[in-house]
A.B. asks: 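Just passing along the structure, written as structure tokens.
Please read these numbers as outputs of a predicted model, since none were measured by experiment. Letters A, B, ... mirror the listed sequences (proteins, then strands); counts begin at 1. Computation of the quantities below employed the complete heavy-atom set of this structure, encompassing side-chain atoms and omitting hydrogens, waters and symmetry-equivalent molecules.
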Amino acid sequence: MFALVRLLVHLGLQSLKAHRSKTLIVGGLMTFGAFLVVVSLALLESVERGTRQSVVESISGDIQIYDKLAKDKLSLFGGFTFGTEELGNIPSFNKVKDAIAAVDNVRAVVPMGIATAGVKSPGDLDHALDDLRKAVDVGDRSQIHDLSARVKSIARVLLEQQAKQAAITETAASSESKVLLERALSDELWADMDRDPGGTLDWLESKLGPLGEQGNQAFMRLVGTDMPTFEKVFNRVRIVEGTAVPPGARGVLVGKSLLDKRLKFSVAMFLDLVHNERTKGETIATSTVLKETLQKAQRASPRIAYLLPPREVPAVKDALAKELAQPPSTELVPLLSSFFQMDDANFERRLKLFYDVIGPRIQLYPFKVGDTITLSSFTKSGYLKSMNVKVYGVYTVQGLDESIIAGALSLVDLVTFRELYGQRTAVLDDELAAMKKSAGIKEVDRGTAEADLFGGDDDIAVTVKTVEGSGVGTGSSDPVIEKVVRDEQMTFDQNTVGDGLVLSIAVMLKDPSKLRATLAALSKVCEPLGLQAVDWQQATGFIGQITLVVRAVLMTAIFILFLVTIVILNNSMVMATLERVSEFGTLRAIGAQRGFVNAMVVFETAVLGFLSGLFGAGLGVAFVTWLHGVGIPAPADLLQVVFGGPRLYPTVEASNVVAGLVATLIVGILATLYPARLATRVQPVVAMQGKD
Amino acid sequence: MIIFEIARNNLLASRRRTLFLGTALFGVTLLFVLLLSLTAGVTDNLIRGATAVSSGHVNIAGYYKSSPTDSQALVTNVDTLKAEARQALPDAVVVIDRLRGWGKIIADRGSVQTGINGIAFDDEADLFSMLTLAPAKDYRENPANPEETRGNFADLQKPNTILLFAGQAKLLKAEVGDSVTLRTETLKGATNTADVTVVAIARDLGLLSGFASFVPKQAVIDLYQFKPGVSGVVQIYLKDIKRSTAAMNELRAHLAKKGYAQLEHDAQPFFIKLLQTVPGEDWTGAKLDVTTWEDEGAFLVQIINGLKAVSLALVMLLAFVIVVGISNTMTIAVRERTREIGTLRAIGMNRSSILMLFLLEAAILGIVASGAGGLAGAGIAAAINAAAIRVDVDAMRIVLLSDTLHLVPRVVDVVIAVAVLTFVSAAAAFFPALRAARITPVTAMQSAE
Amino acid sequence: MSLSPNILGALCALVAVASPLAVAAPTDVPQPGVLGGPPGGGAVPGEADLVQMLKVVDDRQANTGDYRSIAYLEQKEKGKADTAFEVVFYRRDADDKLMILFTKPKTEAGKGYLRVDKNLFLYDPTVGKWERRTERERIGGTNSNRQDFDESRLAVEYTPKFVAMEKLGKHDVTHMTLSMKEGVDVAFPTVELYIDKDGNILKREDKALSGKLLRTTYYPKWNRIYSESKKGDVYIPGEIRIFDEVEKGNSTLIQIRETDLRPLDANLFTKAWLESKSR
Amino acid sequence: MSAIIEVQGVIKDYPLGKLSVRALHGVDLTIARGEFTAIAGPSGSGKTTLLNLIGCVDVPTEGTVVFDGAVTSKLSDRELTRLRLEKLGFIFQSFNLVAVLSVFQNVELPLLLQGGIGNDERKKRVVDILDRVGIGKYIGHRPNELSGGQRQRVAIARALVTRPKLVLADEPTANLDSVTGGQILGLMKELNQQQGVTFLFSTHDHRVMELAGRIVQVQDGRVVDDGKQGKTPTSASAAAPTPAAH
């Protein structure tokens with residue numbers, strides 16, 4: 001038996017050598033196949049690892065657990081419905097935590113909740129008036145002077161715009177506002193400012209204020225979590241500015257790309273956009289989008305004029321005039337306008353100038369690290385809840401610094417989250433019940449309202465004894481309100497964090513490859529708790545599904561490719577077999593059984609398949625290693641998340657190589673079956689007949 | 001032509017290999033055509049969706065701001081604008097206008113926010129050619145007859161009617177024949193409503209249909225108390241959609257010359273401008289905004305590019321395999337037929353004819369096999385399209401821009417696929433054919449020695 | 001904003017604007033007036049009579065001086081837990097000033113609205129900030145808005161038309177239809193009004209331009225208070241029940257009590273005063 | 001009557017691996033028009049090489065081959081091909097018909113390659129020649145449906161259909177039984193006499209040689225007897241190659 005195998009091997013190798021062209025073609029194709037399998041599997045798995053990293057290790061964990069009764073599907077990055085999803089709730093994290101943590105392969109359990117909150121940044125005029133009020137309150141003369149100048153310059157810009165609009169349409173409202181603006185710019189008003197700051201300020205706030213541009217409201221998707229645990233578990237989250245939120249403190253970590261791509265001062269944002277596209281190889285000259293973006297920057301540029309503190313204006317004017325080679329006496333607004341007429345030649349220089357000269361003198365972001373921002377949200381309870389929360393830091397997801405999707409979430413402590421989410425507490429319910437009771441109002445059904453309300457014998461009007469004398473607004477009947485503690489100063493006992501409502505629980509695994517098994521085990525544990533467990537791909541909505549779609553597409557492509565390859569290989573081998581008819585005839589003539597001939601042919605392919613598979617896999621490994629070196633750039637933001645970074649650095653796993661080898665062998669052998677059968681059908685007599 | 005005959009006869013003679021290679025070519029062409037049909041289908045979804053549901057080829061939209069923070073999507077003197085459009089664009093085939101509202105649809109058991117388009121039924125043949133009635137299963141839970149469709153688009157001619165899309169109907173738990181209430185605010189801020197009857201529920205068109213509903217124009221005029229001559233947008237359909245961008249520029253120039261104030265071009269759909277861009281701009285009054293359908297569907301074009309890239313990559317890989325297969329086969333064929341080639345050379349056939357002979361052989365194989373594959377692909381695509389297979393994965397729906405698999409087999413795509421594959425197979429035969437052409441006539445004699 | 005707006009971006013933008021539209025304003029607050037009731041005995045009142053009746057209604061509720069009340073607001077919304085507030089509202093009609101201070105529940109206490117001219121400012125003590133809101137602000141997120149707390153101007157804003165003499169429960173009422181006058185900004189162009197013989201509004205139906213009934217408001221209780229400044233009685237509803245007729249199941253209840261018409265502190269309608277309440 | 005072929009001092013080397021093998025060691029030979037000449041010699045004697053050179057399918061390493069006044073080594077491949085097409089006909093040992101073409105098409109092929117002949121004329125010529133070689137009724141058959149002799153008749157028809165000046169036949173009867181071989185050669189002879197076409201064929205079959213008008217003996221790459229002295233066949237004997245007469 002051994003001798004026979006040795007013979008087979010010998011024959012096989014010799015014949016491979018002898019039929020070089022067939023060996024080359026068939027081997028080449030199989031090499032190619034193995035190469036493709038290894039590369040595409042490596043890429044696919046790297047993409048999945050990338051997505052996993054950008055999603056699992058930044059926010060979702062391997063598994064998410066949430067209420068079984070949830071109306072919507074958990075979708076951490078937002079789903080396809082309007083508004084916030086209805087995810088049910090988990091009333092107490094601590095009650096279920098241990099059961100989940102006890103499941104095998106669970107490394108960490110992190111409580112979470114998602115709430116949407118708006119952050120309002122006041123309009124420029126409101127902002128200036130606010131600051132002015134503060135200055136008036138403390139009586140800071142020079143501040144008042146500076147800020148008055150800023151209000152004036154905003155009013156001037158508004159008046160200019162008004163004039164432009166008047167050219168298009170003149171309405172009663174616009175002529176009215178013109179009068180107000182003119183008064184705001186008049187000397188007597190500012191003389192009043194010195195005499196009666198309070199009254200003048202009231203006038204400014206109530207009359208001038210409404211004319212200004214409204215502030216922006218940016219919506220933030222907040223992920224409330226146990227911050228210290230979160231930071232320990234989710235190691236892709238990097239704080240790039242500021243610090244982590246200390247235990248027990250209220251605070252928020254804002255995504256850097258949200259800041260840079262949504263909240264930044266618009267002119268700077270437009271310039272950044274153009275800069276980014278230019279580094280990707282676009283030019284202003286050829287791209288209408290870039291031209292339009294620059295036009296937007298130019299249109300928005302007058303804002304710089306009033307965002308600049310007056311004492312900084314001369315320095316900026318000098319720098320701009322120098323750049324534009326114009327006399328320094330020119331007005332700032334036209335200077336800015338010409339400054340933002342940018343082209344490929346001057347863009348980078350002017351960008352630098354913008355950030356060197358203008359950037360430091362105005363506020364580029366609505367808030368900075370250390371500021372306290374106001375988050376507002378319509379709570380679950382139906383109340384509008386606003387909270388002051390300190391911005392402790394800015395974070396990025398490692399490798400995804402640029403992605404707006406990855407950076408769209410902001411992290412907040414659980415206590416703040418609960419308030420914004422408006423968990424209906426027993427205390428509130430009791431209080432509402434008491435209020436209702438003291439109001440003494442009976443429930444009236446809509447259907448019988450008229451009879452219930454007007455069917456009684458009571459008179460409609462009830463005379464109330466009038467209270468005589470001069471009333472005082474601050475009298476004894478005035479409401480007393482407890483001192484309200486500002487939220488940003490509040491702290492909480494870190495140990496109580498777990499003792500309360502969460503919407504979902506992120507589970508991080510020790511060994512992510514055992515996800516399926518752990519998911520099954522967790523589901524079993526969750527079922528009786530009224531919870532459900534889903535993997536990260538389901539928990540992340542669209543983004544998770546993308547990886548599934550990519551996998552499906554790639555697998556289908558490989559399958560089709562192999563199908564075609566089998567046909568082509570089959571053909572090549574059939575032809576090779578036909579050329580060897582006399583060889584097979586001879587073998588049969590000297591007494592080889594059909595089985596032997598069959599084995600010989602299949603064995604040949606197997607040897608070839610194995611060798612070329614190895615070779616192809618080797619090439620694949622080399623190629624992926626090369627790709628790993630250079631990285632595949634992600635063309636779109638969504639792909640950045642999918643890639644786990646701006647570039648995909650694929651790595652190859654041993655399993656990919658094995659899969660490549662196995663697939664090649666299978667394809668090779670499948671393609672050999674028919675030609676091998678042809679070979680076995682060769683009659684011994686052929687050997688005698690010579691060629692053809 | 002005798003070379004052709006030799007080539008064809010050779011193919012027929014070596015039936016087995018012709019069959020194998022043919023099958024491969026057939027399959028790849030079929031796949032190619034399917035992919036092209038899919039891309040065309042998605043593009044079609046986009047174009048039809050964008051151009052029927054939310055845009056013309058070119059649009060004159062307008063924004064009106066009574067205060068700096070206000071934003072209304074309306075144009076005044078719509079008839080004058082239509083005349084301007086006709087004047088500026090002689091190749092405009094259809095010029096219609098629609099009213100645009102935004103409000104809440106309230107049914108007994110639910111409510112949704114949506115855009116409300118006021119249309120004149122008779123102008124909108126294009127729109128209704130692309131809408132189909134949704135089967136009950138699309139919007140009702142456990143319907144007795146899941147495939148049943150009810151309603152009639154033509155009923156939109158009647159006053160106080162509305163067309164919803166399945167996704168909205170599902171949220172509203174509404175049914176054809178139900179009465180729903182539209183609630184909006186007039187320009188002065190007063191609440192207004194209209195009771196309308198659902199006359200048709202159309203199938204979803206991917207993302208685009210989520211924010212659209214259609215009612216007769218008068219309903220929107222009543223809701224907003226518009227004066228005569230006010231409309232939402234003028235939609236212009238050109239003879240050739242490819243001219244959209246050029247037409248937009250011409251129209252912009254024309255309107256500028258006539259003194260209309262315009263927004264600078266911004267490739268964004270109108271609702272982004274209405275809700276995000278325009279409220280933040282500090283002018284008041286009215287401005288026009290001329291856009292193309294591509295602007296209105298800008299965020300969806302990426303999807304099509306991705307689809308094209310994937311198709312191209314796959315077809316290239318497959319073509320590579322085919323090239324290897326054909327060149328291998330041809331090499332062997334040349335070897336087998338060395339003497340014949342020598343003879344042909346001896347009796348006076350020149351090299352280029354020998355080269356042609358083999359190229360032709362591969363080309364015939366290519367054109368026949370890929371032709372059949374192309375036709376089969378087109379047939380299968382048409383069948384899949386007719387079967388209207390539903391897609392249940394959200395991500396897929398986004399990619400396909402539809403809730404069903406829509407494939408458009410186009411003649412031009414079949415021709416392209418067949419031409420490419422024929423070229424590929426002929427090209428694959430080039431080196432073997434060159435080798436054949438180098439065979440000396442001496443070989444014809446060699447068997448003798 | 002982005003060069004390549006993606007789908008998510010577009011969705012976000014839509015979500016951001018999809019907050020529910022304000023559900024415009026309910027009633028007006030009635031006041032005292034002494035004039036006799038509507039003509040009884042089946043005589044159909046002419047337009048002048050009706051206008052006179054409206055004037056009575058407005059006048060009964062009018063108060064030239066200051067005003068302070070405690071109000072309890074309760075909001076029921078289908079599919080949501082009930083919410084309730086207790087607020088104190090202060091008015092100085094002479095200066096067109098209005099202030100609303102929230103007192104209960106604790107989570108809301110200290111919040112307040114201040115109207116100065118056309119600006120409505122919201123103060124939130126937990127954040128210590130003022131914010132300018134629009135005229136159509138939904139007070140505390142409920143379906144009531146500023147107009148619900150403002151003075152009655154029916155005779156100025158509407159033209160009445162007699163419908164019928166009807167019975168409402170045990171009460172005889174005059175049913176009239178009010179149509180908006182040209183060029184007036186009101187939330188509801190058509191109103192069905194049911195007034196008892198004393199000039200108390202008992203029922204009010206607000207309709208859209210289309211004629212669709214949007215909401216029904218009942219005023220089952222009226223209080224009468226003597227006003228020093230008016231030198232007469234002021235009529236104030238004790239209870240207002242508003243039923244949403246479009247989104248059935250939604251309703252708002254307002255109870256007004258402890259009305260005080262004595263002059264208020266001169267500095268009351270200022271930001272500083274409101275801020276001081278929660279400090 | 002001038003010579004159609006003049007071979008002068010022709011040496012032909014073939015590469016064989018790194019070595020070079022000399023197949024012809026300086027051959028001189030003249031063939032006159034209308035001759036019916038056999039080249040005889042044992043296997044490997046160089047007769048096929050000589051035929052290749054005369055048939056313009058190969059060029060000599062040294063010396064010249066003048067065919068119908070043209071020096072073949074000075075012609076390009078294109079010119080050589082043209083020459084073969086117009087002035088030469090080939091008959092091969094294993095017939096070398098194009099397997100996928102019918103008898104008619106095989107014969108028509110060279111005319112088609114020549115071009116410039118009208119359809120009717122071409123058809124007529126093909127049919128005529130097929131009739132003449134006695135294969136007229138197999139006109140639509142494929143070569144594999146014919147016997148060896150019939151195939152060779154087709155090959156002869158193909159060689160003659162262009163009315164060449166010289167027909168070369170390489171062992172035309174080697175793959176045929178003797179009776180058939182005789183018939184084929186008889187046919188060739190007949191055509192030679194009727195139409196005056198020059199025939200040159202290689203063979204080692206004695207019975208075939210008997211029909212030849214002249215027998216050139218080749219051995220070890222040299223012409224040992226150019227057969228000019230006797231019109232009757234003589235047995236091959238050792239004779240020094242004689243320079244070709246002019």
A.B. asks: Residues two or more places apart in sequence or in another chain: which of them pass side chain to side chain donor-acceptor pair (under 3.5 Å) with B/Arg337?
C.D. replies: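 Partners of B/Arg337 under the side chain to side chain donor-acceptor pair (under 3.5 Å) test: B/Glu361.
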A.B. asks: For the residue pair B/Glu294 / B/Ser244, report whether a side-chain donor-acceptor contact shorter than 3.5 Å exists.
C.D. replies: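 Absent: no donor and acceptor within the cut-off.
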A.B. asks: With a 4.5 angstrom heavy-atom cut-off, is it the side chain or the backbone of A/Ile560 that approaches chain B, or both, or neither?
C.D. replies: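 Contact with chain B involves both backbone and side-chain atoms of A/Ile560.
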A.B. asks: Go through the atoms of A/Leu29 and report whether side chain, backbone, both or neither lie under 4.5 Å from a heavy atom of chain B.
C.D. replies: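 Just the side chain, heavy atoms under 4.5 Å.
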A.B. asks: Name all residues meeting the ring-ring contact (aromatic ring centres under 6.0 Å, His included) criterion together with B/Phe165; count only those two or more places apart in sequence or in a different chain, and write none if there are none.
C.D. replies: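 With sequence neighbours excluded, B/Phe165 shows a ring-ring contact (aromatic ring centres under 6.0 Å, His included) to no residue whatsoever.
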A.B. asks: Let me know if A/Phe562 has heavy atoms under 4.5 Å from chain B in its side chain, its backbone, both or neither.
C.D. replies: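 Neither part, no heavy atoms under 4.5 Å.
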A.B. asks: With a 3.5 Å distance limit and no angle check, can you tell me whether B/Arg435 reaches the backbone of B/Thr331 through a side-chain donor-acceptor pair?
C.D. replies: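 Absent.
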A.B. asks: Knowing that exactly one of B/Asp266, B/Asp289, B/Asp295 qualifies, which makes a salt bridge (Lys or Arg N to Asp or Glu O under 4.0 Å) with B/Lys273?
C.D. replies: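 That would be B/Asp289.
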A.B. asks: Within a 6.0 Å radius of atom CZ on A/Arg677, are there more than 12 heavy atoms belonging to other residues, nucleotides or ligands?
C.D. replies: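 No.
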A.B. asks: Is it the side chain or the backbone of A/Val553 that comes within 4.5 Å of chain B heavy atoms, both, or neither?
C.D. replies: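 For A/Val553, side-chain heavy atoms alone lie under 4.5 Å from chain B.
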A.B. asks: Can you check whether anything in residues 566-573 of chain A gets within less than 4.5 Å of chain B, heavy-atom wise, and list it by number?
C.D. replies: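 A/Val567, A/Ile568, A/Asn570, A/Asn571, A/Ser572 fall under the 4.5 Å cut-off.
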A.B. asks: With a 3.5 Å distance limit and no angle check, can you tell me whether B/Ser14 reaches the backbone of B/Arg17 through a side-chain donor-acceptor pair?
C.D. replies: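 No; zero donor-acceptor contacts below 3.5 Å.
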A.B. asks: Can you tell which part of B/Val310 gets under 4.5 Å to a heavy atom of chain A, answering side chain, backbone, both or neither?
C.D. replies: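 The answer is the side chain of B/Val310.
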A.B. asks: Return the option, out of B/Thr23, B/Leu317, B/Leu19, with the maximum number of heavy-atom pairs under 4.5 Å with chain A.
C.D. replies: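 Heavy-atom pair counts peak at B/Leu317.
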A.B. asks: Tell me whether B/Thr18 contacts the main-chain N or O of B/Leu11 through its side chain, where contact means a donor paired with an acceptor under 3.5 Å.
C.D. replies: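 Side chain of B/Thr18 to backbone of B/Leu11, a donor-acceptor pair under 3.5 Å: yes, one is there.
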A.B. asks: Out of B/Leu31, B/Leu318, B/Leu25, return the one with the most heavy atom pairs under 4.5 angstrom to chain A.
C.D. replies: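 Heavy-atom pairs under 4.5 Å are most numerous for B/Leu318.
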A.B. asks: Suppose we screen for side chain to side chain contact (heavy atoms under 4.5 Å, CB included). Which residues come up paired with A/Leu180, at least two apart in sequence or across chains?
C.D. replies: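 Here the qualifying residues are A/Trp203, A/Lys207, A/Leu211.
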